[in-house]
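What follows is a short report on a single structure.
Just so you know, these numbers come straight off a predicted model, no measurement behind them.
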Protein chains: 2
Amino acid sequence: MMEFPERVQINEVVLRDGLQLETKIASLEEKETLFRQLVEANVQTVEFGSFVHPKAVPQMANSGDFYEAISTESAGPALIALIPNLKGAELARLRGVERVNFVFSASDTHNEQNVNKKTAESVEELKAIQEFCGKNGMVLGVSIATSFGCPFEGEVPPARIHELTDMLVRMQIGIITLADTTGMANPRQVSELLSGLKDAYPQQKFNLHFHNTRGMGLANILAGLDAGIDSFDTSLGGLGGCPFAPGATGNVCTEDVVHMLHNMGIETGISLEGLLTASRTLETVVGHPTPSYLLKAGPSDRKYPVPNK
Amino acid sequence: MMEFPERVQINEVVLRDGLQLETKIASLEEKETLFRQLVEANVQTVEFGSFVHPKAVPQMANSGDFYEAISTESAGPALIALIPNLKGAELARLRGVERVNFVFSASDTHNEQNVNKKTAESVEELKAIQEFCGKNGMVLGVSIATSFGCPFEGEVPPARIHELTDMLVRMQIGIITLADTTGMANPRQVSELLSGLKDAYPQQKFNLHFHNTRGMGLANILAGLDAGIDSFDTSLGGLGGCPFAPGATGNVCTEDVVHMLHNMGIETGISLEGLLTASRTLETVVGHPTPSYLLKAGPSDRKYPVPNK
């Protein structure tokens with residue numbers, strides 16, 4: 001029989017991963033409305049934006065202003081910015097950001113598309129970023145993109161992920177995220193890779209980031225839960241995708257994941273009703289329907305009236 | 001670590017469950033084209049239609065003619081008809097159908113909506129159906145609808161499913177299908193219920209029928225696989241739903257399930273490419289896009305050319 005944790009941490013990434021692929025650029029005001037509704041729903045961790053070149057990802061150009069607008073309350077959720085390089089860490093610091101997540105790719109070709117560098121060069125840069133964060137009291141997490149496959153190179157060997165993880169563990173990175181950038185992961189792969197990593201590094205905190213490109217997102221989360229993982233990135237409405245990965249489509253949908261977890265008796269601390277309110281707002285902001293199942297079907301404890309025959 | 005079977009049987013239900021909810025009624029010719037493409041894809045078991053009142057489900061009114069058209073080849077897939085009562089078994093027999101699947105609901109309210117009877121009355125009728133099938137050399141399977149929850153009554157206690165299963169095992173029903181009629185099942189429920197049933201009846205063959213109403217279909221299949229289940233109903237393109245269950249939407253999508261299984265190293269004997277051909281035909285037949293992920297994204301071993309920068 002499968003085993004599950006009692007409680008799971010949900011990291012809401014819609015304001016970064018979700019909005020970065022939308023053609024309509026969300027205004028500061030729209031982002032703030034969404035953020036307030038996520039806070040209402042008791043979301044504890046929010047990836048609010050990224051410090052990348054505004055020409056590369058114009059949707060994220062207002063991330064600094066956005067941070068200044070939402071970081072006013074001390075009791076709010078943890079606010080994390082994605083950074084692709086040291087420059088990103090510096091820009092984040094200038095705005096007072098305290099938590100950053102550095103992303104590089106396990107595959108050279110995707111890393112080159114993303115940041116114009118070989119993976120080894122990004123790894124080299126990570127050392128400088130860690131030093132910078134240490135000096136400035138910033139918390140640094142690391143995401144390994146294309147951990148389960150690369151849309152250009154194909155299969156990424158598990159040994160490659162073990163090797164990169166080993167390096168990050170030695171560097172004492174607090175949270176290591178393995179990201180399935182274009183929805184190539186399958187549940188057996190997740191089960192085997194994460195069971196192996198949990199065995200090798202029992203004290204290390206891992207977080208998983210799945211896309212639902214081929215419909216396997218929730219099944220991959222289930223495989224992760226069974227392997228002892230209790231932290232997942234999810235995106236409201238199931239929006240998302242990497243601008244530099246062809247074929248990338250939505251992340252796993254926050255409300256669908258939270259609904260599944262609650263039905264399984266796993267706590268998240270999040271209000272499903274609150275998420276659905278925010279998800280309806282999101283459809284208005286982006287101007288199109290999202291892939292959310294829950295928004296269409298309602299929760300499974302919804303009871304229908306019996307029709308007269 | 002999770003455990004998986006080496007091989008899984010896929011029962012294709014699009015011609016019955018998939019088409020019965022479509023407003024456009026598929027012609028005999030269109031159904032035949034779809035069927036031939038499914039055979040080309042090497043699908044081994046097909047639920048081809050149902051013998052129900054044509055006023056209740058007009059989409060299935062040509063099931064008898066359809067059977068006569070497709071049952072000509074001895075080497076074809078196993079052909080199964082759904083029947084809701086003894087009358088259905090008799091009508092199927094008149095057309096020469098050799099395999100039928102009797103459906104009743106675990107919850108009285110849904111059974112009443114479906115066939116105007118309490119569950120106990122349907123169970124009583126099952127005895128007559130079994131006798132009829134025995135006399136006429138017909139193979140009888142049984143599906144328990146609303147096994148994981150009822151859209152009218154809510155929760156269906158596991159003890160209820162154990163009790164009904166126990167009765168069916170005693171009756172020596174070859175294959176027992178547990179159906180999640182409106183997508184209310186969650187993976188923990190599937191894991192616990194099926195592990196319990198496999199322990200209690202290790203020799204019994206079970207089949208699972210999931211809807212993807214709340215996005216949990218593939219996760220529920222994963223939980224079923226881990227519990228030792230190796231037979232699943234799936235519907236091409238993810239079409240489907242019960243006409244007498246409000247909120248019912250598509251079944252788990254055949255090509256998405258087969259893709260996941262193959263990526264996990266589990267054999268199905270089915271050609272994914274063949275399924276995608278049939279799935280494209282299906283979209284033409286029904287006249288709208290289907291919820292298929294694979295049709296949009298392509299398989300995960302698809303490699304993209306590296307863009308020039």
Side-chain angles (χ1 to χ4, degrees), chain A residues 1-2 4 109 112-113 116 149-155 182-189 191-192 195 212-223 225-227 238 244-247 249 253 256 259-260 263-266 292-294 296-307 309, chain B residues 1-2 4 109 112-113 116 149-155 182-189 191-192 195 212-223 225-227 238 244-247 249 253 256 259-260 263-266 292-294 296-307 309:
Chain A
M1 203 133 82
M2 302 180 79
F4 308 112
T109 318
E112 282 166 342
Q113 288 297 314
N116 259 313
C150 169
F152 306 114
E153 297 182 13
E155 206 180 317
T182 59
M184 294 173 69
N186 72 69
R188 185 194 288 259
Q189 182 185 15
S191 174
E192 291 177 355
S195 297
N212 200 30
T213 318
R214 293 167 179 95
M216 292 184 280
L218 268 63
N220 285 331
I221 286 185
L222 187 67
L225 291 170
D226 183 69
F244 310 107
T249 55
C253 171
D256 295 351
H259 175 260
M260 178 174 88
N263 280 15
M264 292 171 71
I266 299 170
S292 168
Y293 281 91
L294 257 283
K296 286 183 276 291
S300 57
D301 60 4
R302 170 181 182 175
K303 277 189 203 172
Y304 288 84
V306 180
K309 279 225 153 182
Chain B
M1 206 134 79
M2 303 181 77
F4 309 111
T109 317
E112 282 166 341
Q113 288 296 315
N116 258 313
C150 170
F152 306 115
E153 297 182 13
E155 206 181 320
T182 59
M184 293 172 69
N186 72 69
R188 186 194 286 260
Q189 183 186 15
S191 175
E192 291 177 356
S195 297
N212 200 31
T213 317
R214 293 168 179 93
M216 292 184 280
L218 267 63
N220 286 330
I221 286 186
L222 187 67
L225 290 170
D226 183 70
F244 310 108
T249 55
C253 171
D256 295 350
H259 175 261
M260 177 174 88
N263 280 16
M264 293 171 70
I266 299 170
S292 167
Y293 281 90
L294 257 282
K296 286 184 275 290
S300 58
D301 60 4
R302 169 180 184 176
K303 278 190 202 170
Y304 288 83
V306 180
K309 279 224 154 181

Original post:
Counting N and O atoms only, with roles assigned by atom type, does the side chain of A:Q113 sit under 3.5 Å from a partner on the main chain of B:V306, one being a donor and the other an acceptor?
Top reply: no
Original post:
Top residue by heavy-atom pair count (under 4.5 Å) with chain A, among B:S195, B:G154, B:P187?
Top reply: B:P187
Subject >> Part of B:N220 lying under 4.5 Å from any heavy atom of chain A >> reply: neither
**OP:** Determine the minimum heavy-atom distance between A:M1 and B:D226, stating which atoms define it.
**Re:** C-OD2, 4.1 Å
Original post:
Atom CD1 of A:I221 and atom CG of B:L222: how far apart are they, to the nearest 0.5 Å?
Top reply: 12.0 Å
**OP:** Please flag which part of A:L218 lies under 4.5 Å from any non-hydrogen atom of chain B: side chain, backbone, both or neither.
**Re:** both
Original post:
Can you say whether A:T109 sits under 4.5 Å from chain B via the side chain, the backbone, both, or neither, judging by heavy atoms?
Top reply: side chain
Original post:
Do the side chains of A:P307 and B:F152 get nearer than 4.5 Å, heavy atoms only?
Top reply: yes
Original post:
Given side chains that start at C-beta, do those of A:Y293 and B:N212 come closer than 4.5 Å, heavy atoms only?
Top reply: yes
**OP:** Return yes if some donor-acceptor pair links the side-chain N/O of B:R214 with the main-chain N/O of A:D256 below 3.5 Å, else return no.
**Re:** no
Subject >> Interface residue of largest heavy-atom contact number with chain A, from B:P305, B:G298, B:G215, under 4.5 Å >> reply: B:G215
Original post:
Shortest non-hydrogen contact from A:G183 to B:S300?
Top reply: O-CB, 4.5 Å
**OP:** Identify which of A:M260, A:M184, A:K303 forms the greatest number of heavy-atom pairs closer than 4.5 Å to chain B.
**Re:** A:K303
Subject >> Which portion of A:A223 sits near chain B, non-hydrogen atoms under 4.5 angstrom >> reply: both
Subject >> Those residues that, when tested against A:N186, pass side-chain contact (heavy atoms from CB on, under 4.5 Å) (two or more places apart) >> reply: A:R188, A:Q189, A:M216, B:N263, B:M264
Original post:
For the candidates B:K296, B:E153, B:E155, which exhibits the highest count of non-hydrogen atom pairs separated by less than 4.5 Å from chain A?
Top reply: B:E153
